[in-house]
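Data block below; observations after.
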Number of protein chains: 8
Amino acid sequence: MGPKHGFCDFGFAKIDTDRKRRKGFAEVVYCPGKTKEHLKKICLGLIKHKEDLLLTRLEKENLLYLKRAIPKLKYNPTAKIAYLLQKKKQVKKGLVLVLSAGTADIPVAEEAAITLEVMGNRVERVYDVGVAGVHRLFSHMELLRKARVIVIVAGMEAALASLVSGLVSAPIVAVPTSCGYGASFGGLSSLLTMLNSCSPGIGVVNIDNGFGAGFLTSLINN
Amino acid sequence: MGPKHGFCDFGFAKIDTDRKRRKGFAEVVYCPGKTKEHLKKICLGLIKHKEDLLLTRLEKENLLYLKRAIPKLKYNPTAKIAYLLQKKKQVKKGLVLVLSAGTADIPVAEEAAITLEVMGNRVERVYDVGVAGVHRLFSHMELLRKARVIVIVAGMEAALASLVSGLVSAPIVAVPTSCGYGASFGGLSSLLTMLNSCSPGIGVVNIDNGFGAGFLTSLINN
Amino acid sequence: MGPKHGFCDFGFAKIDTDRKRRKGFAEVVYCPGKTKEHLKKICLGLIKHKEDLLLTRLEKENLLYLKRAIPKLKYNPTAKIAYLLQKKKQVKKGLVLVLSAGTADIPVAEEAAITLEVMGNRVERVYDVGVAGVHRLFSHMELLRKARVIVIVAGMEAALASLVSGLVSAPIVAVPTSCGYGASFGGLSSLLTMLNSCSPGIGVVNIDNGFGAGFLTSLINN
Amino acid sequence: MGPKHGFCDFGFAKIDTDRKRRKGFAEVVYCPGKTKEHLKKICLGLIKHKEDLLLTRLEKENLLYLKRAIPKLKYNPTAKIAYLLQKKKQVKKGLVLVLSAGTADIPVAEEAAITLEVMGNRVERVYDVGVAGVHRLFSHMELLRKARVIVIVAGMEAALASLVSGLVSAPIVAVPTSCGYGASFGGLSSLLTMLNSCSPGIGVVNIDNGFGAGFLTSLINN
Amino acid sequence: MGPKHGFCDFGFAKIDTDRKRRKGFAEVVYCPGKTKEHLKKICLGLIKHKEDLLLTRLEKENLLYLKRAIPKLKYNPTAKIAYLLQKKKQVKKGLVLVLSAGTADIPVAEEAAITLEVMGNRVERVYDVGVAGVHRLFSHMELLRKARVIVIVAGMEAALASLVSGLVSAPIVAVPTSCGYGASFGGLSSLLTMLNSCSPGIGVVNIDNGFGAGFLTSLINN
Amino acid sequence: MGPKHGFCDFGFAKIDTDRKRRKGFAEVVYCPGKTKEHLKKICLGLIKHKEDLLLTRLEKENLLYLKRAIPKLKYNPTAKIAYLLQKKKQVKKGLVLVLSAGTADIPVAEEAAITLEVMGNRVERVYDVGVAGVHRLFSHMELLRKARVIVIVAGMEAALASLVSGLVSAPIVAVPTSCGYGASFGGLSSLLTMLNSCSPGIGVVNIDNGFGAGFLTSLINN
Amino acid sequence: MGPKHGFCDFGFAKIDTDRKRRKGFAEVVYCPGKTKEHLKKICLGLIKHKEDLLLTRLEKENLLYLKRAIPKLKYNPTAKIAYLLQKKKQVKKGLVLVLSAGTADIPVAEEAAITLEVMGNRVERVYDVGVAGVHRLFSHMELLRKARVIVIVAGMEAALASLVSGLVSAPIVAVPTSCGYGASFGGLSSLLTMLNSCSPGIGVVNIDNGFGAGFLTSLINN
Amino acid sequence: MGPKHGFCDFGFAKIDTDRKRRKGFAEVVYCPGKTKEHLKKICLGLIKHKEDLLLTRLEKENLLYLKRAIPKLKYNPTAKIAYLLQKKKQVKKGLVLVLSAGTADIPVAEEAAITLEVMGNRVERVYDVGVAGVHRLFSHMELLRKARVIVIVAGMEAALASLVSGLVSAPIVAVPTSCGYGASFGGLSSLLTMLNSCSPGIGVVNIDNGFGAGFLTSLINN
């Protein structure tokens, strides 16, 4: 079936060529579980239809394979994101702040930040400001107050989300991470923390879902 | 301690008189677990400091008790919300849409909708549009596209959130409800559905947390 | 003990030579946890009793070992199914539709589809029609209505099952998959979605159990 | 909105008047969480559109309220099902067998059986044939072999489903029940048993979901 | 058997008359699950052996029954603790601070505070200082720094424990409470938060276990 | 169907009249979920076939109803067991010891003890010997060593099972109870303790399943 | 400390030289988590005190290391058990039957069977008699009736345990295994099945705990 | 930002140079999830500010990398802790006892013990004193009574914590470990045991969190 139906049918995949019209951005490719041959066909299909390219959780090995067919593909190894834009996005007005509680949360935070930048948002990063040393957060109060939206990335007990929520009136997009061990149960602890915050104004995404946080934040920042 | 410290100390409670400055709305009172005497003291304290009053999950019995001291208190029995505003809020520009998947989700949806209205948002309600009869949703496509933010309230398998997310570019605030039985495990099923959506752009709040959804949505709609 | 008791005793295994009479198909061999020597003995035993051969979740390494003894063994590497039929099955009347929500669900979908074909069913595959771009599904409405039974294979939030169930009167066999991460908890999310569907008419099998879905569907399609 | 859109909009509910065309039976009303006033309006709306009436999990108190407006409404107190058919259904060819493992599973089994009968199926009930005394089951082997579909309702460890599945070639619809205590965890034990059956050919519905089992079975029995 | 064996045998109970020697305080009576007759016999037995009396989770109804036999019994209805000391305890040197995050956590906090006072500790209470308005906590910094041990009682997301731990060098005894709803799962959320704190120095007790927190704190404060 | 098939068919129940031959004791009636009318019919049916009567978890209200029809029925209100034996059982040789960790575990312990006595076992009870005061247990070492089988009934952390197992060579039947609160999660804590014992020789039954423990112990004591 | 205290202190381990007197068999060594050097020291220590040697879950690599120091050590690679007896055990009177539901359960079944043999029990093995083909079990009825104790090893839905329990009066020791996938959740499914059996007379041990089953069974068979 | 703000900003990390003042010890580096380059920068930063160095869960490979830059770094391979102190700590008065239930718990016990020693505590280790041979524990009663604080490290069913708690008046810091298999569910079993102890006086830390136990114990021992 051709794109006149709003998608392009490869059998194993149906590229949604109508996605940009509906959601404001082309279909984003989540890489795990897809073979490298499938990834290449999907990418070339998207390029053929003049769509922007955004691939998440792309392993280096598959990147190298794709690079041979699409040499211009850009890649951020911390975020494991590859992308190729048809034209530069117009920068949105609001400032987005991406906070991480710890150093080990940075890969997820970068997945959010790169997604946000690719989608045309101004992003400031403030990393390693968890509540074990809360003065590190408080020294950035001005930035916190200026942000239109705040993304908070935290594992373990993820107390940072509630704390920041109590300080500002920006909506918060919270990403629990699987950083931790034992009773963190793969991110369950941070997920429950963020869902049960005593301070309202927090929307939660899936554990380790930096991309989803970036995408939602970009929609809020429209 | 007096309000010069940004709160008013009753011993059993410390009313946050600085909340409005930071979060844009006065401290909201979550009623479960508080005695009716405590509720009354907190309300009178807030009134004394010229704060808006918003009480959530207020049972009828406690409402009647409060009404005697604060006759002007308004109450929505479906949402179980009571409120009393110092002055009418200026209405915000964006339209907020509140969807419910089923009829049994309405109390939670109303908690969100009333919260939104109290905070100065224009709200449209579209109830009972779950995916068992998806044409009911599609007949409201125009409204879906006009909304600045969409609140989706759904229990059981909560498929509505993903479906709507695939159709629009508005950010979505999703509220899983505990409607269901058996393997819904008190709302766990709908919570996981919303967190694992294949379509990005959804921020999730706690199970049955209509108030939190309304509050977050109002911040997004600023 | 010999097959006069309805089974053939190898000590480590008792081949059920009466299975076909009771269930309509010979004993199917689930390969994980069996040594390659055991697999070979079981296969040769089944062949000796003129039974059809169907092996699920067979790793390539073990396939190669078996191929040396049974050169005619056929293998589908995506489905990880090997088979060898005594004679071609008569094709059943009803059409079976196998849907997958995403590309990463295809291995499980193929396990169902190959099982169905081996058991004599006509199968149509429609892959990558998840609700993130629901028009891809709607463009196949005619096929959906023609099917006697529909198999739906979906991971993450698995909203596809409820949606399709609301559209057709064919019974649906739903297979949750472990595709996803974080709060998908190894397929728990999609399992709960399918069990809690607001639209009735869905029978659920174990997570990633493509074979079981195919087998059940074949019984329904009799 | 009127029924020309395929539904009838009451604000709090949107009756799906197109359901019968798509699914073969009118919208079924799941009663928990709906007020008795809402139930009455929905019922009268369905009657007005000449739809069959089927209400599940209807408590006696609400039944009495509805009876005053709809005196012809029939009610089965064990199944907690009320119904009123526009005309008698034509009886389907296949025989459906409803088994219960224990006496305490009967309410769920009856919910399935009544649903099946209302939808035009021939139903035989065989109750209290759990594996603690397996000869009770074996004395019904002839009936087991004659059935086109078998519904199995079982709580506790629910071993009955696997056992029956190993004996027959009819597709099985299995309903885990919450009967049990302690480590049955509200039906989780029987649910997992049925999902993990070593014998294929079983489709599982939600815990205590007798209605869903009956509905699915009726679709299979077409 | 008599107290020469270190306990006094009533058949249904064996009062540990050696407890004080080993643990520093007489056997404490946990009331749920014991009949009022059993409670009375245990109390009279303890009094006969000149032991201090401390009963936790004593419902009012049973208190009234005990009062008739032991008129001097003191009772705190918020903490649901009854006690009767042989002689006043010598007050310990260190100051203990009991914090609660919310108003609804006070019953558990009082269970800890009363236990501490009965065991001879100086206690200061600071209630309702959750992170939604963190300045309420910071206005008590001096007290936080003076405490020898700090008990923190919090439900919902319980972020208070980590925050305080990052500010002081006193050991912290953290009590998760079941305050909350939905994804708090009966206190699981606050329990996991406290166990996964990014700031070390926290010992956690069971959900709602104010008594256990008080007892442990008293041992630390020796 | 009559008892010549090994059971007696009442429709709602099939009394297993062959149970005694196979298991050594007549069918035992688990009362929850059965109506009082059903209970009466089952009891009279069993009496008619000269079977022993043993009913577990029988509420007082239903007992009174049954007493009118079967005046000789005996009842233990702590164990909630009713019974009526055709003739006194011959007493078995081995001594069975029933231990409870706390006073609140006694109802479950009595369910085990009465079951054992009804089935002809010599039983000694030692209650309230939990590890908080371990000398209470050690003062019964002689009895522990004399027992042929030991039943251990414990809630909360249930450490008693492992401790006793390390001291004796009798097989241990362990019954976790739901006594406890918070993180005992309805008996999960004690169940996991007993399953994970570092000392071998323990067989575990369901949470609160005193009857099952008594029955198994009686089989071991044959 | 020397063996006069009933143990032999190596610092990292304290060999319990009194174990045989109390439990009837020397301390058994559970190998995971111990270094090969530690294993060797413990073995040599046990040999020095003339204790029997029984090591469970010993990986081949560590076996080879131990063999160099203790050439007479015997090893069963399926059961992963090594042993060396001071003198042959006297064979006990009762017959023990070890059943496995599937072929993949054999390693756990062998762990039980070898443990039983080492401890002086007569063992018969009947493997691969799961309920998918129940006639395989029924053809061994005579053996089932002769057994003094029956060990049942089963994964997936583990229905075999309940079924056998309904047929015999021997006590049953049930071992859930982690065989399975998806909703078997690492053996949780089979564990819950065995705990919730509708037929009494089953004692359950930890998932995959073949050794524990063998040990308990040997105590019962005394 | 410089240390005048109380931290030193490296972008990816913000070293808390004020930690020692607040908590009594410099910021401790938890190594998992940090790259070796990040670890090196953090260490050199801490050294530059004359802070003590304590790194937990440091893998050997990263140690070797750090050793090249910081040759004086000390390392305990069992505890996986590296450290470098500015000057030797003054030894605290109280004696700390570290107990392990089994040999496999020693790595976690050593993490606690080394942390305690680095922080200036006198530590005695008593390993392998689990309840399977309780006389091993009782032979150390004198030491148990002398301790100011006791750390208990135990996996599987972790009964040791309750037992010791019943014997002494020292506060206990309990560390559940993930040692075990099957129904230990990664340490959940030992965690629940410790939280549900029937004997009060126990503070629990995260599963396998030897460092946190050592840190908390050191604060208690001040």
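Numbered from 1 within each chain, the chains take letters A, B, ... in sequence-line order.
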Around [X], counting heavy atoms of other residues, nucleotides and ligands shown, do more than 12 lie under 6.0 Å from its [atom1]?
X       : atom1 : value
F/Lys40 : NZ    : no
D/Lys67 : NZ    : yes
F/Glu61 : CD    : no
D/Glu37 : CD    : yes

- Of the backbone (N, CA, C, O) and the side chain (C-beta and beyond), which part of D/Ala132 lies under 4.5 Å from a heavy atom of chain F, both, or neither?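 Both backbone and side chain of D/Ala132 come within 4.5 Å of chain F.
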- Query: Which atoms of D/Phe138 come close to chain F, meaning under 4.5 Å heavy atom to heavy atom: side chain ones, backbone ones, both, or neither?
  - Reply: neither
- Query: Is chain D contacted by the side chain of F/Tyr30, its backbone, both, or neither, given a heavy-atom distance below 4.5 Å?
  - Reply: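 Contact with chain D involves the side chain of F/Tyr30 alone.
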- Against chain D, label F/Pro176 side chain, backbone, both or neither, depending on which of its atoms sit under 4.5 Å from a heavy atom there.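 Looking at F/Pro176, nothing touches chain D.
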- Is any side-chain heavy atom of F/Ser178 closer than 4.5 Å to a side-chain heavy atom of D/Tyr181? no
- Side chain D/Arg136, main chain F/Phe7, donor-acceptor under 3.5 Å: no
- Check: F/Lys34 side chain, D/Ala104 main-chain N or O, donor-acceptor pair, under 3.5 Å: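 Such a contact is absent between F/Lys34 side chain and D/Ala104 backbone.
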Taking atom [atom1] of [X] and atom [atom2] of [Y], what is their separation to the nearest 0.5 Å?
X        : Y        : atom1 : atom2 : value
D/Thr103 : F/Lys41  : OG1   : NZ    : 11.5 Å
F/Ile42  : D/Asp128 : CD1   : CG    : 7.0 Å
F/Thr17  : D/His135 : OG1   : NE2   : 6.0 Å

- Query: How far apart are the closest heavy atoms of F/Leu191 and D/Ala183, and which atoms are they?
  - Reply: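 Smallest heavy-atom distance, with atoms named: CD2-CB, 4.1 Å.
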- Task: May I ask you to name which of F/Asn206, F/Asp16, F/Asp18, F/Ile15 has the most heavy-atom pairs under 4.5 Å with chain D?
- Result: F/Asn206
- Message: I'd like to know which of F/Gly11, F/Gly186, F/Gly187 tops the heavy-atom pair count under 4.5 Å against chain D.
- Response: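 Going by pairs under 4.5 Å, I would pick F/Gly11.
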